[in-house]
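Worksheet: one structure, shown below.
All chains are named by letter (A, B, ...) in the order of the sequence lines, taking the proteins before the strands, and each is independently numbered beginning at 1. What you see below is based on every heavy atom in this structure, not just the backbone, and it leaves out hydrogens, waters and symmetry mates.
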There are 2 protein chains.
Amino acid sequence: MMDVARLAGVSHQTVSRVLNEHPNVAERTRLRVRAAIAELGYRPNRAARALVTGKSQVIGVVAQNSTLYGPAATLAALAQAASSSGFTVSVESVRTLERRPVTDAINHHLDQRVAGLVVIAPVAEASEALDGLPDDIPLVCVDGDPERETDLVTVDQELGGYAATKHLLDAGHPTVWHVSGPEDWFDSQGRIAGWRRALTEAGAEIPPLMAADWSAASGYRIGQVLARMTEVSAVFAANDHLALGILRALHERGRRVPDEISIVGFDDVPESEFYIPPLTTVRPDFDAVAAASLDLLLAQIETGRRHGGRRVIPPALVTRHSVSPPK
Amino acid sequence: MMDVARLAGVSHQTVSRVLNEHPNVAERTRLRVRAAIAELGYRPNRAARALVTGKSQVIGVVAQNSTLYGPAATLAALAQAASSSGFTVSVESVRTLERRPVTDAINHHLDQRVAGLVVIAPVAEASEALDGLPDDIPLVCVDGDPERETDLVTVDQELGGYAATKHLLDAGHPTVWHVSGPEDWFDSQGRIAGWRRALTEAGAEIPPLMAADWSAASGYRIGQVLARMTEVSAVFAANDHLALGILRALHERGRRVPDEISIVGFDDVPESEFYIPPLTTVRPDFDAVAAASLDLLLAQIETGRRHGGRRVIPPALVTRHSVSPPK
DNA sequence: AACCCAGATGTGAACGCTCACACTACCGAT
DNA sequence: ATCGGTAGTGTGAGCGTTCACATCTGGGTT
């Protein structure tokens, strides 16, 4: 920086001002400094800046190491969105969503003096890890406890579950079975609630809940049970991969979809359009989730205060060919 | 740090020594310092350390913003592996794999004084962006040009393509059609080469190449063509999602898999076991790719020199039910 | 007893920036 | 003629570490 200053015939401070786009710099000075920067190929040292300001241009993200579609898609979208705002995303990957590893990951980020934190905390325990945090660090919680007070971005799971169930009910099915995700996930809870509400509103019987994890394998196992039960005509699966497993189990036992049984999924993974049959599903907008998170976070960074903002992104039902009226 | 030093009754330098596990510190002093650290809840400022040492504990990753399974899985595994080595992964997400955005991303990382760089560069243009780089920065290229000299980690695509094709040939098929990924991807090129080699070795006819992108949608389009061609009895799809699209197209035209047509995929996405029928596929070990990358990178960081190391991870064929002998 | 050496510790500078403040020049208003 | 204000610029300190070097101590050698 000194070299640049010397070449431009100004002080280091003026160079700093040009770099930070400080208003009070004469136009020709600015030009001269920029020229010197270009000539020397100078690039500012962000570590030094981070040291003195106490903040970096880095957003710390805590996410579970998983290839689950939702979290992975959110993370990718977040990285993309951050890049275009001049931020870098630093990922601390946790093996499990227990409190301890999440806390460690957060502390590690704090050591690096990140400008803000995005925590993907889809279960209660991970969500609780956010409670002890000093409140001078910008923080957005994604997919976290819908009840929490701090800034939160989430897909409207309840609405999605409601829409899926309603769609099946509207097709004429007397009731809808639900294969849910793990019960400690807020996502699962929301989808279950939506399912229940639709059923209740319609005065339909509420069948027992079939809880699974998010995998196609568990969908398959539950599908084998469902396939034997002649009274089930409509199933709402908590995600597309579960739906795929169910589809396969049904196919194996010769139960035809949608003729005998209708199915709706959740997530709209790009492949679901090519399942057999093409899956009617609920599409959350992960790009919108990422954009909203960044938006909230940047606002906090700017003002230096928590706002308690809350963005709930409504998902959309996309209808394909896995639903038909009951026979 | 000064506070800790004061409390422990030592100098700041001794605290620093304890922090960096310098050998020449008396045992009881070390204990006293640790106690002081714990009592004060002191956490070192990484930005300050990065400033003075010129290196951070951060690994810069450049990856395309995509939800493609391979890159996403590699990235996740990398973040996980880095975390357990005490490193953080900083992701710079590029929208396209053109040279310019990749170079920008790399420079941005360099500004942050990352300890090393991992670039996922599956096409030639991205790979070229690595050429102008100063050679004092540790660098590992993942999925890059197999011909390049610098440290490289990649799945043995050629072997995978060979194994898939050979498997179909061994089942008795006269030849094997190939639906490939985009031709500018090294992954595609390797799989194509393996496919050709297996065909050539067996003295089989080499059918025209069907090039697609990686999506199920493009697999479906090509599948519609394949379904009409009575002479095709065996297809090797460059990834599982393509295979899914093909499966669906075939199903629509009433062509049964594997009775009439056999199919092998690539990637072993977790869902492929539940496709109809369960897909025989080639499984690359993304965890191994990530581990090898980190290994190579850490070695460079330690020695401060490029080694020109090269790790080629052999994939494994996993046989399920999408292959049978021709009728 | 004098010496040496290695282990343990302390001292001050430096890393590359930004911040707070001081200074200069020039303007218009009194 | 004096004053205050403002745009433009410079000066020095300080952020929290590590590095290079200096100093101190105690045990083993001669």
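Position along DNA chain C of the nearest nucleotide to B:V52 versus B:T29 favours B:T29 as the more 5'-ward residue.
Shown here are the side-chain hydrogen bond (donor to acceptor under 3.5 Å, both in side chains) partners of A:D151, two or more places apart in sequence or in another chain: A:Q300. When the side-chain contact (heavy atoms from CB on, under 4.5 Å) test is applied to A:P23, no partner is found at least two apart in sequence or on another chain.
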All N/O donor-acceptor pairs, side-chain side in residues 49-57 of chain A, below 3.5 Å, sequence neighbours left out:
from: A:T53; atom 1: OG1; to: A:R49; atom 2: O; distance (Å): 2.7
from: A:T53; atom 1: OG1; to: A:K55; atom 2: N; distance (Å): 3.2
from: A:T53; atom 1: OG1; to: A:K55; atom 2: O; distance (Å): 2.9
from: A:S56; atom 1: OG; to: A:V58; atom 2: N; distance (Å): 3.4
from: A:S56; atom 1: OG; to: A:R113; atom 2: O; distance (Å): 2.9

Side-chain donor-acceptor pairs of residues 37-48 of chain A under 3.5 Å, sequence neighbours excluded:
from: A:R43; atom 1: NH1; to: B:N107; atom 2: O; distance (Å): 3.3
from: A:R43; atom 1: NH1; to: B:D111; atom 2: OD1; distance (Å): 3.2
from: A:R43; atom 1: NH1; to: B:D111; atom 2: OD2; distance (Å): 3.2
from: A:N45; atom 1: OD1; to: A:A47; atom 2: N; distance (Å): 2.8
from: A:N45; atom 1: OD1; to: A:A48; atom 2: N; distance (Å): 3.1

Show which side-chain atoms of residues 114-123 of chain A pair as donor or acceptor with protein atoms under 3.5 Å away, not counting sequence neighbours.
none

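Residue pairs meeting the ring-ring contact (aromatic ring centres under 6.0 Å, His included) criterion with at least one member in residues 66-117 of chain B, sequence neighbours excluded, are B:Y69-B:F286. Residue pairs meeting the ring-ring contact (aromatic ring centres under 6.0 Å, His included) criterion with at least one partner in residues 292-314 of chain B, sequence neighbours excluded, are absent.
With rounding to the nearest 0.5 angstrom, the OG1 atom of B:T29 is 5.0 Å from the CZ atom of B:R32. Rounded to the nearest 0.5 angstrom, B:L152 CG and B:E147 CD are separated by 10.0 Å. Taking OG of A:S85 as the reference point, atom CD1 of A:I59 lies at 7.0 Å (rounded to 0.5 Å).
Considering every non-hydrogen atom in both B:V89 and B:A82, the closest pair reads CG2-CB, 3.5 Å. Residues A:T154 and A:Q157 share a closest heavy-atom pair of OG1-NE2, 4.5 Å. In terms of heavy-atom proximity, A:D156 sits nearest to A:P314 at CB-CA, 4.1 Å.
For the residue pair B:E98 and B:T96, a side-chain donor N or O sits within less than 3.5 Å of a side-chain acceptor on the partner.
Looking at residues 4-25 of chain B, you'll see B:H12, B:Q13, B:S16, B:N20 sit with a heavy atom under 4.0 Å from some atom of DNA chain D. Taken residue by residue, residues 32-41 of chain B places no heavy atom nearer than 4.0 Å to DNA chain D.
End-to-end axis angle for the helix from C:dA1-D:dT30 to C:dT30-D:dA1, using five pairs per end and rounding to 10°, comes out at 50°.
The footprint of chain A on DNA chain D, defined by a heavy-atom cutoff below 4.0 Å, extends from D:dG8 to D:dG16. Scanning DNA chain C 5' to 3' for nucleotides with an atom closer than 4.0 angstrom to a non-hydrogen atom of chain B gives a first and last hit of C:dA8 to C:dG16.
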Legend entry - Step-by-step side chain to side chain contact (heavy atoms under 4.5 Å, CB included) determination, A:Q112 to A:S90: CA-CA 10 Å; A:Q112 314 265 11; A:S90 185; 5.9 Å; no
